[in-house]
Protein chains: 2
Amino acid sequence: MRKLVTVMMTHEREHDLYRLQAELCQTLADPTRLEILRLLEHGALPVKALSEATGQRQAKISQHLALLRQRQIVRGERFGAEVRYSLTDPRILDACRITREMLLDQLARQGTLAGMVATTSETVRGGVNTDADL
Amino acid sequence: MRKLVTVMMTHEREHDLYRLQAELCQTLADPTRLEILRLLEHGALPVKALSEATGQRQAKISQHLALLRQRQIVRGERFGAEVRYSLTDPRILDACRITREMLLDQLARQGTLAGMVATTSETVRGGVNTDADL
DNA sequence: GCCATATATTCGATTATTCGAATATGCGAA
DNA sequence: TTCGCATATTCGAATAATCGAATATATGGC
């Protein structure tokens, strides 16, 4: 059985949603947390495994996990002395994959055109700029 | 003609990539910037239009645009007195859509199960928790 | 009860982000 | 040139994020 939930979307709710979405992005805005999420791609892992795989201290990993848990991005389940973490919604990795690929393409472009950069940034009038005087 | 760029990926580069990805997410981690990106979905818009559509002061919009430009998420092109901004890579919206839908689903679940929350959070031993004592 | 292991939390210093206010620049018209 | 509009930038204060260090809690075994 599937449930369909309809949500009334007012303009204020629209802004609340942007706020929540920003909060979600903020939670993704840390290299360690991104690595944790990626490590959880194929299933649950205990803190120790995450700590060893990332090479980061346990306390730091737990701090990041606490944030991810609070924002409901991961969930922890206790098995004896250890707590295994898993993704609440695997779609988070789809979003990460997209940003990752965008970055790789961008790096490839910049790497290829590295020699052109000096020339391109001279374009002054009527040109298209990504970061220049406007 | 299509170019294929192969990138050698060492472990350090892998970490650099996480850092860049985190930086990209950080750039998305602001409600105003998210709204700007969404407004640019159907094409370029001048600053004034963005300022009016969002209801935010022009200086604030320009500040956010400067960040987005610097991170190469948007580009600005001057037409006379105005500067029209557009998305550098439309895939950014795909990523935003995913996080948005994740959030909507999450809200729907929480809204539906609102009455259960008190009960569920009592689960102590061996239970699955998103944010509780572990 | 105690111990060892695994995990969580608190604190404080450092650093980064956001915003409004004020100001500066760029452009076209007269 | 000067004006007026569109956009950009700088500054400073308030707020928030990150990390290491230290400490606290939970669990199972004895």
Side-chain angles (χ1 to χ4, degrees), chain A residues 18-19 22-36 44-71 74-86 123-134, chain B residues 18-19 22-36 44-71 74-86 123-134:
Chain A
Y18 281 128
R19 203 168 38 73
E23 204 170 81
L24 175 50
C25 291
Q26 168 60 34
T27 311
L28 298 181
D30 180 279
T32 304
R33 291 198 288 269
L34 287 172
E35 194 172 3
I36 289 174
L45 288 177
V47 178
K48 200 183 171 203
L50 295 170
S51 175
E52 287 170 356
T54 59
Q56 311 276 5
R57 301 172 193 282
Q58 172 268 323
K60 186 173 170 184
I61 296 296
S62 277
Q63 282 179 60
H64 286 299
L65 285 171
L67 233 188
L68 291 168
R69 223 188 319 138
Q70 190 189 324
R71 306 284 167 87
V74 302
R75 49 172 55 176
E77 189 170 0
R78 192 174 272 283
F79 285 83
E82 67 183 15
V83 177
R84 299 190 193 150
Y85 281 90
S86 56
T123 312
V124 176
R125 255 180 158 253
V128 178
N129 291 290
T130 37
D131 192 31
D133 50 305
L134 295 170
Chain B
Y18 281 128
R19 206 169 36 73
E23 204 171 80
L24 176 49
C25 291
Q26 170 60 36
T27 312
L28 299 180
D30 180 278
T32 304
R33 291 198 288 269
L34 287 172
E35 193 172 3
I36 289 174
L45 288 176
V47 178
K48 199 183 171 203
L50 294 171
S51 174
E52 287 170 356
T54 59
Q56 311 276 3
R57 301 172 193 283
Q58 173 269 323
K60 185 173 169 184
I61 296 296
S62 276
Q63 283 179 74
H64 285 298
L65 285 171
L67 232 188
L68 291 168
R69 224 188 319 140
Q70 190 189 325
R71 307 284 168 85
V74 302
R75 48 172 55 174
E77 189 171 1
R78 192 175 273 282
F79 286 84
E82 71 184 15
V83 177
R84 299 188 194 151
Y85 281 91
S86 56
T123 313
V124 176
R125 256 179 157 252
V128 178
N129 292 289
T130 37
D131 189 33
D133 48 307
L134 295 170

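Proteins come first, then strands; the chains are lettered A, B, ... in the order of their sequence lines, and each starts at number 1.
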Using 0.5 Å steps for rounding, measure from the CG atom of A/Leu68 to the CD1 atom of A/Ile36.
6.0 Å

In residues 23-32 of chain A, what donor-acceptor pairs under 3.5 Å come from side-chain atoms, sequence neighbours left out?
unit_1  : atom_1 : unit_2  : atom_2 : d
A/Thr27 : OG1    : A/Glu23 : O      : 2.8
A/Thr27 : OG1    : A/Arg71 : NH1    : 2.6
A/Asp30 : OD1    : A/Thr32 : N      : 2.9
A/Asp30 : OD1    : A/Arg33 : N      : 3.2

A/Tyr85 side chain near C/dA6 phosphate (N/O to OP1/OP2, under 4.0 Å):
no

List every contact pair, protein side and nucleotides 11-16 of chain D side both N or O, where the distance is under 3.5 Å.
none

What is the distance, rounded to the nearest whole Å, between atom NZ of A/Lys60 and atom C1' of C/dT9?
17 Å

Starting from P on C/dA8, measure out to CG on A/Leu65 and report it in whole angstrom.
6 Å

Write down the distance between CZ (A/Arg71) and C1' (D/dA17), rounded to a whole number of angstrom.
10 Å

May I ask you to evaluate whether B/Arg69 reaches the phosphate of D/dT7, defined as a side-chain N or O under 4.0 Å from OP1 or OP2?
no

Treating B/Ser51 as the side-chain partner and B/Val47 as the backbone partner, does any N or O pair qualify as donor plus acceptor under 3.5 Å?
no

All side-chain hydrogen bond (donor to acceptor under 3.5 Å, both in side chains) counterparts of A/Gln56, not counting sequence neighbours
A/Lys60

Using every non-hydrogen atom in the two residues, find where B/Leu65 and B/Val74 come nearest and quote the distance to one decimal.
O-CG2, 4.2 Å

Specify the residue among B/Leu67 and B/Arg57 whose closest nucleotide of DNA chain C lies further upstream toward the 5′ end.
B/Leu67

When rounded to the nearest 0.5 angstrom, what is the spacing between CD in A/Glu35 and CG in A/Leu50?
9.5 Å

Expressed in angstrom and rounded to an integer, what is the separation of A/Leu68 atom CG from C/dA8 atom P?
12 Å

d(CD, B/Gln70; C1', D/dT9) in whole Å
13 Å

Over how many whole Å does the gap from A/Glu77 atom CD to C/dA6 atom P extend?
19 Å

Nearest-Å distance for atom pair CG/P, residues A/Asp30 and C/dT17
12 Å

When we call it a touch if two heavy atoms are under 4.0 Å apart, what does A/Arg84 touch: a base, just sugar-phosphate, or nothing?
nothing

Nearest heavy-atom contact between B/Tyr18 and A/Leu34 is O-CD1, 3.6 Å

Results of side-chain hydrogen bond (donor to acceptor under 3.5 Å, both in side chains) for A/Ser62 - residues two or more places apart only
A/Gln58

Listed by chain and number, what are the side-chain hydrogen bond (donor to acceptor under 3.5 Å, both in side chains) partners of B/Glu82, not counting sequence neighbours?
B/Arg84

Assign each of B/Ile61 and A/Pro31 the nucleotide of DNA chain D bearing its closest heavy atom; nearer the 5' end lies the nucleotide of B/Ile61

Between CD of A/Gln56 and C1' of D/dG20 the distance, given in whole Å, is 12 Å

Tabulated below should be each protein N or O lying under 3.5 Å from an N or O of nucleotides 3-6 of chain D; please produce it.
unit_1 : atom_1 : unit_2  : atom_2 : d
D/dA6  : OP1    : B/Lys48 : NZ     : 3.3

With respect to the phosphate group of D/dT18, does any side-chain polar atom (N or O) of A/His64 fall under 4.0 Å of OP1 or OP2?
no

